[in-house]
Participant: 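Okay, handing you the structure first.
In the text below, chain A, chain B and the rest are named by the order of the sequence lines, each starting its count at 1.
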Protein chains: 2
Amino acid sequence: MISSLELARQCGISQGTVDRALHNRPGISAKTREKVLRMAKRNGYRPHPAARELLTGQSLTVGAILPTVNNVFFMDLFNELARALAKQNLRLQLTPVENRDAFLEMLEDFTARRYRLAVVIPPEDNIAVPRAITVGIPLISLFSPCRGSGIRFLSADEEETGRDAVRYLHRRGHQRILHLTYARRAYAIAARAQGYKEQCEELDLTSKVLLNVDAINLREALQRYRPTALFCHNDWMALRTMVLLSEIGLRVPEDISVLGVDNSPTLAALQPGLTTLAYPLASIVDTIMLILAEKPSRLNLVRYLLVERSTVRKLTGQPRREKKSHDQKIQTHRES
Amino acid sequence: MISSLELARQCGISQGTVDRALHNRPGISAKTREKVLRMAKRNGYRPHPAARELLTGQSLTVGAILPTVNNVFFMDLFNELARALAKQNLRLQLTPVENRDAFLEMLEDFTARRYRLAVVIPPEDNIAVPRAITVGIPLISLFSPCRGSGIRFLSADEEETGRDAVRYLHRRGHQRILHLTYARRAYAIAARAQGYKEQCEELDLTSKVLLNVDAINLREALQRYRPTALFCHNDWMALRTMVLLSEIGLRVPEDISVLGVDNSPTLAALQPGLTTLAYPLASIVDTIMLILAEKPSRLNLVRYLLVERSTVRKLTGQPRREKKSHDQKIQTHRES
DNA sequence: TTGTAGGCGTTATCAC
DNA sequence: GTGATAACGCCTACAA
């Protein structure tokens with residue numbers, strides 16, 4: 001790796017002139033510029049990002065943290081984000097972390113490195129982020145909130161998602177709807193279950209939530225509650241449920257209906273027939289890019305909680321849809 | 001973010017003394033050291049990694065590149081690697097790339113940043129890596145080889161994996177074994193299919209390879225070849241196949257056997273009953289860590305191709321197992 | 001049109 | 001024990 005000073009020596013000129021050539025700045029003869037560019041190419045010259053970052057105090061990297069839990073939906077999201085960032089000449093640095101300590105440690109590192117932005121999926125809910133970090137880097141938390149000033153929390157309206165699911169199934173004639181979800185205490189999980197329960201009450205349906213589905217408790221719940229539909233927290237759990245149902249000997253959708261959430265492209269490849277609620281993944285990425293486009297000074301002042309679906313729309317410039325949007329949102333490759 | 005110079009001023013001492021305190025170096029009084037550490041903590045001081053990297057010419061980061069193809073097996077691998085690196089105080093920087101250009105661009109960036117090592121899963125086979133990169137950073141390519149001097153290619157012996165699968169199924173009494181794999185031209189895919197074919201010939205079995213399984217061509221192949229066992233390229237494809245079989249109305253393993261490859265922990269959670277060949281994931285991570293432990297000067301001289309299973313063992317210090325190892329390698333939660 | 005100087009933050013090596 | 005100085009590579013401002 002050659003330095004710009006070394007390059008200047010090889011060309012027999014000064015470092016300043018080399019800089020003018022490399023950055024297309026005025027005040028240099030065409031001949032000299034050409035020569036510098038030729039030599040640079042020949043030597044495979046690349047500016048040292050560390051030096052530039054040190055000088056400018058700004059990095060061209062966006063840091064991302066995700067739990068080591070292997071979640072295909074998270075990967076779909078970050079792949080999308082990486083693509084969007086690449087277009088703006090920014091890189092995404094992904095780091096898997098196992099726990100709260102590693103999470104905060106990584107955030108400190110991002111701050112010290114002057115990353116442009118941190119986009120995180122916290123390994124736990126409500127982690128308290130020290131002020132030293134929040135003043136140092138704009139922070140967007142996805143799916144699960146963090147505690148701390150100026151942190152943006154980006155999420156779909158999970159309660160409404162839960163309600164949507166119940167309404168959709170009820171309209172299809174279902175009366176006994178079971179909700180399958182995780183025992184983990186996380187915002188998205190709790191809120192979605194809450195919406196499910198509330199909507200069930202409004203429609204005079206009995207609600208029942210099953211945590212951490214397995215062969216035994218699923219079988220038991222099926223016998224006890226005789227549900228005609230299963231509303232699963234996400235596509236992954238829907239898939240697992242379908243596998244279990246097939247072992248039990250129940251067919252989907254003839255014997256029982258299964259509804260997932262996410263519309264994960266990766267899982268769609270595995271099980272194209274899955275019925276699922278589409279998660280506004282593209283909106284999330286769009287919103288992140290919008291936040292990034294703002295001036296850093298303004299970033300630390302604004303704070304909003306994207307728990308209202310309309311907020312997402314406003315940010316991404318989409319018009320508020322009419323009532324029937326509920327149906328449009330539902331991807332039905334196979335009716336369930 | 002406070003600098004060490006600023007910290008020194010606040011303590012009323014020089015930068016050099018601050019450095020002695022922060023790095024536990026001798027030549028400083030206990031009282032001064034304590035004071036510096038206290039002030040550092042209070043101000044949330046963190047050395048700027050860019051400055052350190054600039055000075056030392058070495059980064060504490062390992063760069064990783066993986067295709068945007070959402071592959072749970074890759075994520076399992078990198079999660080393991082991140083964990084192992086964290087123990088050595090190294091970070092893993094993961095970057096998803098879409099194509100050859102982005103891949104090479106990212107490698108150049110890694111080189112410019114003086115990363116300790118690049119661990120890559122190339123988006124295509126046999127990408128030519130310029131010398132400028134290979135001399136700048138030690139490079140390990142996983143699953144799919146790259147062209148270029150000094151590049152280490154780390155992979156299990158894929159041909160042998162293909163043979164193992166056939167031998168295993170044949171010993172269970174299967175005579176008609178179909179191989180389901182991808183159309184993509186990649187080393188692991190081609191080599192595994194090659195091993196499958198060769199072993200079939202040796203055992204006087206007819207071999208048939210089905211590319212890009214879907215509902216239609218699977219049904220057709222089942223009717224035409226009447227296989228009793230399906231050997232799938234990986235767990236993911238095995239799962240997809242099992243879903244299709246269940247739609248067709250065939251039960252696994254009663255009507256037909258399905259064998260996957262990877263022993264992916266993530267997919268095991270989805271379908272615990274899947275029979276699969278264990279991929280030596282831990283060995284791969286161990287080997288990477290061993291390569292990392294060597295001196296960089298030596299790294300650029302050695303070159304080896306880990307296509308012989310014995311080579312992996314040698315590097316990781318495991319004894320060569322006896323014949324029955326084939327059986328031990330196979331994870332059979334449910335006999336297929 | 002070109003050369004020179006200074007500083008980003010850290011660390012190693014001098015001198016006191 | 002402590003303080004001063006130089007250097008890593010880049011970029012900007014100013015001087016020639």
Participant: Atom pairs under 3.5 Å, N or O on each side, protein against nucleotides 13-16 of chain C: can you list them with distances?
Facilitator:
none

Participant: Measure the distance from CD1 on I13(B) to C1' on dG1(D) and round it to the nearest whole Å.
Facilitator: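 My rounded result for the distance is 11 Å.
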Participant: What is the separation between atom NE2 on H23(A) and atom P on dG9(D), rounded to the nearest whole Å?
Facilitator: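 Whole-Å distance recorded here is 16 Å.
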Participant: Report yes or no: do T32(A) and E34(A) form a side-chain donor-acceptor pair below 3.5 Å?
Facilitator: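 Checked: T32(A)/E34(A) side chains show no N/O donor-acceptor pair below 3.5 Å.
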Participant: Determine, for R100(B) against E105(B), whether the closest basic-nitrogen to carboxylate-oxygen distance falls under 4.0 angstrom.
Facilitator: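 Looking at E105(B) together with R100(B), the answer is no, because their closest N to O distance does not fall below 4.0 Å.
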Participant: Just by modelled atom types, is the I127(A) backbone N or O under 3.5 Å from a matching donor or acceptor in the R147(A) side chain?
Facilitator: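 Here the side-chain-to-backbone pair does not exist.
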Participant: Can you find a side chain N or O atom of T32(B) that sits less than 4.0 Å from OP1 or OP2 on dT2(D)?
Facilitator: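 Checking dT2(D) against T32(B), a side-chain N or O does come within under 4.0 Å of OP1 or OP2.
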Participant: I need the residues from residues 35-55 of chain B with at least one non-hydrogen atom less than 4.0 Å from DNA chain D; give them sorted by number, or say none.
Facilitator: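 L54(B), L55(B), in order of number.
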Participant: To the nearest angstrom, how far is D19(A) atom CG from dA13(D) atom C1'?
Facilitator: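 The distance from CG of D19(A) to C1' of dA13(D) comes to 12 Å, rounded to the nearest Å.
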Participant: How would you list, by chain and number, every residue that makes a salt bridge (charged side-chain N to carboxylate O under 4.0 Å, His left out) with E108(B), sequence neighbours excluded?
Facilitator: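 Once residues adjacent in sequence are excluded, the partners of E108(B) under the salt bridge (charged side-chain N to carboxylate O under 4.0 Å, His left out) criterion are R46(A).
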Participant: Rounding to an integer number of Å, can you tell me how far N24(B) CG sits from dA12(C) P?
Facilitator: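 N24(B) atom CG is separated from dA12(C) atom P by 13 Å.
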Participant: Within the 4.0 Å heavy-atom criterion, would you say T56(A) contacts the bases, only the backbone, or no part of the nucleic acid?
Facilitator: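 Contact class for T56(A): none.
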Participant: Output the single nucleotide from dC10(D), dC11(D), dG3(D) whose closest atom is nearest the side chain of T17(B).
Facilitator: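 Nucleotide nearest to T17(B)'s side chain: dG3(D).
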Participant: Taking the basic N atoms (NZ, or NE/NH1/NH2) and the acidic carboxylate oxygens, is any pair closer than 4.0 Å for D125(A) and R185(A)?
Facilitator: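 No, D125(A) and R185(A) are not salt-bridged.
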Participant: Round to a whole Å and report the spacing from CG of L60(A) to P of dC10(D).
Facilitator: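 Computing the L60(A):CG to dC10(D):P distance gives 15 Å.
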Participant: Using atom NZ of K31(A) as one end and atom P of dT1(C) as the other, report the distance to the nearest whole Å.
Facilitator: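 Nearest whole value for this atom pair: 13 Å.
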Participant: On the nucleotide dC10(D), are OP1 or OP2 found under 4.0 Å from the side-chain N or O atoms that S4(A) carries?
Facilitator: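 Yes, because at least one side-chain N or O of S4(A) sits under 4.0 Å from OP1 or OP2 of dC10(D).
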Participant: For the pair E53(A) and R113(A), find out whether any cationic side-chain nitrogen is under 4.0 Å from an anionic carboxylate oxygen.
Facilitator: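 No, this pair does not count.
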Participant: Could you tell me whether F73(A) and F143(A) have their ring centroids closer than 6.0 angstrom?
Facilitator: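 Yes - the distance between ring centres of F73(A) and F143(A) falls below the 6.0 Å cut-off.
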Participant: In terms of relative ring orientation, are Y187(B) and F153(B) parallel, tilted or perpendicular, with 30° and 60° separating the classes?
Facilitator: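 Plane angle over 60°, so perpendicular.
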Participant: From CG of L7(B) over to C1' of dT11(C), roughly how many Å is that when rounded to an integer?
Facilitator: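 Atom-to-atom, L7(B) to dT11(C), this comes out as 15 Å.
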Participant: Determine whether E6(A) and R9(A) satisfy the following criterion, salt bridge (Lys or Arg N to Asp or Glu O under 4.0 Å), listing intermediate values before the conclusion.
Facilitator: CA-CA 5 Å; E6(A) 181 63 26; R9(A) 281 204 195 106; 3.5 Å; yes
Participant: If you assign R114(B) and S29(B) each to the DNA chain D nucleotide with the nearest heavy atom, which residue ends up on the more 5' nucleotide?
Facilitator: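 First, find each residue's nearest nucleotide; the 5'-ward one identifies S29(B).
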Participant: L5(A) has an atom CG; how far is it from atom C1' of dC11(D), in whole Å?
Facilitator: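 Value for this atom pair: 13 Å.
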